[in-house]
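In the text below, chain A, chain B and the rest are named by the order of the sequence lines, each starting its count at 1. Since this is a predicted model, take the numbers as computed values, not measurements.
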Amino acid sequence: MTSGPRFRFAPSPTGFFHVGGARTALYNWALAKRLGGKFVLRIEDTDEARNRPEWTEGIIDALAWLGISGDDPTFEGPYFQSNYAEAHLAAAQRLFEAGAAYYCDLTSEQIQERAKATGASGYDGYSRDRGLGPAPGRVLRFRVPDGETTVFDLVRGDVVFDHSTIEDFVLLRGNGTPMFLLANVVDDVEMQISHVVRAEEHLPNTPKQQQLWEALGHKPPFWAHVPLLVNEQRKKLSKRRDKVAVEQYRAEGYLAEAMVNYLMTLGWSPPGDREIVPWSAIERDFRLEDVNHSPAFFDVKKLTAFNGEYIRMLSVDDFIAACRPFLESPDVPWPADRFDPSKFGALASVVQSRASTLAEVPGVIDFVFLADPVLDEQAWNKTISAPGAKEVLLETTKAYRQLPDWRADVLKETLESVGEKHGLKKGKAQAPIRVAVTGRAVGPPLFDALEVLGREEVVRRLTMVASV
RNA sequence: GCCCCCAUCGUCUAGUGGCCUAGGACACCACCCUUUCAAGGUGGCGGCACGGGUUCGAAUCCCGUUGGGGGUGCCA
């Protein structure tokens, strides 16, 4: 019945999809694809999450954006942890009956007191042999035997844990509900998971889970603990301090391909000296045993650089299509009815070579669609006070008014000859016109912009500014 | 406290005992190109945490130190 490895990915819905989770998902996905296995999605749906189905939808949506989609036969699920509630309880019952687990009626306060008294830390196994049965308020604890557990980790090799450092952990709460550890293992058993690839923070829990697998009569899966993603303080990325939501990067105009490629280079690198590689190459080359052991800093700057490269790899048409949501968004700085797709299309290629995210695109061409560009006072004052600037502005306006051909090259020629008359070099001569028409001292190539804007509008803006 | 993991340029990494005077990428700097800003091109800055071993030879293996991180719940 089972055919091929089964990789489980188990994000917990929290209202957003963490970039660290995204990388783990990608690792699982690459492996499942190459090995002809399955990517098994399990949602650890908590009570809160069950009341918010949009959280789960968000995860599935984010995964699909990254290219991990339910439409692909490699994808299996989603399965919900809550659907296995009965199996969790049945497993607990079995462990109890087999003597692998026992009930305990100590409260956490009592446990703390005992710990203080004996000088030991944590639970001391007080109820191990008291023969207690189930009752409200009593927790079921796993009886950790003497000995040691060796976790065979595909990334790190063997990691040995002495059982004396593992206390008898709780399987069932006092109210009878299963703990994460139990639920997790039971789910994996039920889904016949063969590989658990997850973040390193779970490594210390692994010997507990492995013992559970064995106590339940199953051969444990292959484990792989991949390094953590950290911030500049070298701390685990957290929602509070750090920008970690995949959805947010998507909203800011990062391309999925760039995100995927960048994420994969954190803790791993493609063979050779090239980092920008297509997914097909990643899928072919990714190996768990090549994954690094140390935490990696999630560097937005480098992500952005990757994104710029990916944007430039797009055909102009694809770039225009990718920009659409950002140009038609309600947050756009211009009145919606003034947007003209053909004008954007004419400027698209010059914008494309400059953009590092799609979200910044509206900001560089807003002057085209604004009734009147927002004038940067400082830039204006500086520009117009330069010697010859005022003259160039006036004369160019006049020349443009009666230009026979309204084309970028003619516009350029005209301005340059006016500039030369006043001893201004190309760049300098351009400045007053640029600020007058676009409102800013920097922007896309001026003459392309002028051509797109049209004579009437350009002359209008020039005379308006000149009269101030 | 206890347990576990980790340690190559600022950052992500290549490196699995000689090919290393340590390679690439991001960032930064300079120059070239140029129509401002980018993009592109060329070059530069910059690293094996420390101390002991092992070895003819160590970034690579071993031990220790230091430093960082994670875990240690009737959270997930």
Side-chain angles (χ1 to χ4, degrees), chain A residues 10-14 44-46 49 81 104 106-108 111 119-123 137-141 151 153 155-156 159-162 164-167 169-181 183-184 199-207 225 227-228 230 232-236 262 265-276 290 292-306 308-309 311-312 350-356 364 379 383 408 411-412 415-416 419 425-431 433-435 438 440-449:
Chain A
S12 44
T14 49
E44 292 173 355
D45 52 340
T46 56
Q81 190 150 68
C104 174
L106 255 39
T107 63
S108 26
I111 291 169
S121 67
Y123 182 69
R138 290 182 185 172
V139 300
L140 184 68
R141 285 183 181 271
V151 171
D153 189 291
V155 170
R156 284 151 216 280
V159 185
V160 182
F161 296 85
D162 195 303
S164 64
T165 66
I166 305 172
E167 63 178 39
F169 52 95
V170 174
L171 262 19
L172 252 30
R173 298 187 182 87
N175 66 7
T177 58
M179 292 284 289
F180 160 79
L181 226 49
N184 222 300
E200 195 206 315
E201 50 185 318
H202 293 285
L203 183 53
N205 276 329
T206 308
H225 290 90
L228 244 30
V230 299
E232 46 280 277
Q233 279 91 243
R234 303 256 108 203
K235 296 256 174 23
K236 188 165 83 163
Y262 175 64
T265 66
L266 258 22
W268 177 78
S269 67
D273 270 343
R274 214 175 288 111
E275 288 188 315
I276 305 280
D290 295 337
N292 261 235
H293 299 183
S294 43
F297 169 55
F298 185 85
D299 187 355
V300 180
K301 274 196 181 161
K302 188 155 181 179
L303 200 216
T304 305
F306 270 48
E309 291 230 26
I311 285 178
R312 268 163 254 126
V350 297
V351 174
Q352 182 178 7
S353 69
R354 265 150 262 261
S356 57
V364 317
T383 306
L411 291 162
K412 177 173 190 266
L415 174 64
E416 278 172 7
K425 290 256 188 239
K426 295 167 187 173
K428 292 270 186 210
Q430 198 191 127
I433 307 297
R434 174 182 291 283
V435 181
T438 72
R440 283 185 289 262
V442 300
L446 180 60
F447 305 104
D448 296 291

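- The residue A/Val139 sits close to a base: some heavy atom pair falls under 4.0 Å.
- Residue contacts for A/Phe161: at a heavy-atom cut-off of 4.0 Å it reaches the sugar-phosphate backbone alone, with no base atom in range.
- Among the heavy atoms of the strands lying under 4.0 Å from A/Glu201 are primed sugar atoms or P, OP1, OP2 only; no base atom is included.
- Taking 4.0 Å as the cutoff to heavy atoms of chain A, we find the contact window on RNA chain B bounded by B/rG1 to B/rA76.
- The gap from the P atom of B/rC37 to that of B/rG23 amounts to 33 Å, rounded to the nearest Å.
- A 3.5 Å limit on both hydrogen-bonding distances identifies B/rG44 as the Watson-Crick or G-U partner of B/rC28.
- Counting only heavy atoms from C-beta outward, the side chains of A/Val170 and A/Arg141 approach each other to under 4.5 Å.
- No donor-acceptor distance shorter than 3.5 angstrom exists from the side chain of A/His293 to the backbone of A/Arg156, with no hydrogens or angles considered.
- With A/Asn205 contributing its side chain and A/Leu181 its backbone, the two residues share no donor-acceptor pair below 3.5 Å.
- Residues satisfying the side-chain hydrogen bond (donor to acceptor under 3.5 Å, both in side chains) criterion with A/Thr177, sequence neighbours excluded, are A/Arg173, A/Asn175.
- Nucleic acid contact class of A/Leu446 (heavy atoms, under 4.0 Å, all strands): base.
- Under the Watson-Crick or G-U wobble criterion, with both distances below 3.5 Å, B/rC2 is paired with B/rG71.
- A donor-acceptor distance shorter than 3.5 angstrom exists from the side chain of A/Tyr262 to the backbone of A/Asp299, with no hydrogens or angles considered.
- At the heavy-atom level, A/Ala431 lies nowhere under 4.0 Å from the strands shown.
- Using a 4.0 Å heavy-atom criterion, one finds that A/Pro445 contacts the bases of the nucleic acid, with or without backbone contacts as well.
- The separation of B/rA7 from B/rA14, taken at their P atoms, amounts to 11 Å, rounded to a whole angstrom.
- B/rU13 and B/rA30: their P atoms are spaced 29 Å apart (whole Å).
- Mapping A/Arg312 and A/Ser269 onto RNA chain B by nearest heavy atom places A/Ser269 at the nucleotide closer to the 5' end.
- Under a 3.5 Å cut-off, the side chain of A/Ser269 and the backbone N or O of A/Thr265 do not form any donor-acceptor pair.
- Of the two residues near RNA chain B, A/Phe306 and A/Asn292, the one whose nearest nucleotide lies more 5' is A/Asn292.
- Judged by distance alone, with hydrogens and angles left aside, the side-chain atoms of A/Arg354 form no donor-acceptor pair with the main-chain N or O of A/Pro444 at under 3.5 Å.
- Applying the Watson-Crick and G-U wobble criteria (two distances, each under 3.5 Å), B/rA7 pairs with B/rU66.
- Separation of the P atoms belonging to B/rC5 and B/rG10 is 27 Å when rounded to the nearest angstrom.
- Separating the P atom of B/rG71 from that of B/rG24 is a span of 37 Å, rounded to the nearest Å.
- The gap from the P atom of B/rG41 to that of B/rC33 amounts to 16 Å, rounded to the nearest Å.
- Backbone-only contact: A/Glu44 has heavy atoms under 4.0 Å from sugar-phosphate atoms and none from a base.
- Remark: side-chain polar atoms of A/Gln81 are not paired, donor with acceptor, to backbone N or O of A/Thr46 under 3.5 angstrom.
- When both distances must be under 3.5 Å, the Watson-Crick or G-U wobble mate of B/rU55 does not exist.
- For B/rC9 and B/rA49, the C1' atoms lie 14 Å apart once the distance is rounded to whole Å.
- Spacing of C1' atoms, B/rU16 relative to B/rA22, comes out at 15 Å, to the nearest Å.
- Nucleic acid contact class of A/Arg234 (heavy atoms, under 4.0 Å, all strands): sugar-phosphate only.
- Within the nucleic acid shown, A/His202 comes within 4.0 Å of at least one base atom, counting heavy atoms only.
- For A/Arg234, the CZ atom sits in a packed shell: over 12 heavy atoms of surrounding residues, nucleotides or ligands are nearer than 6.0 Å.
- Residue contacts shown for A/Glu167 are limited to sugar-phosphate atoms, with no base heavy atom under 4.0 Å away.
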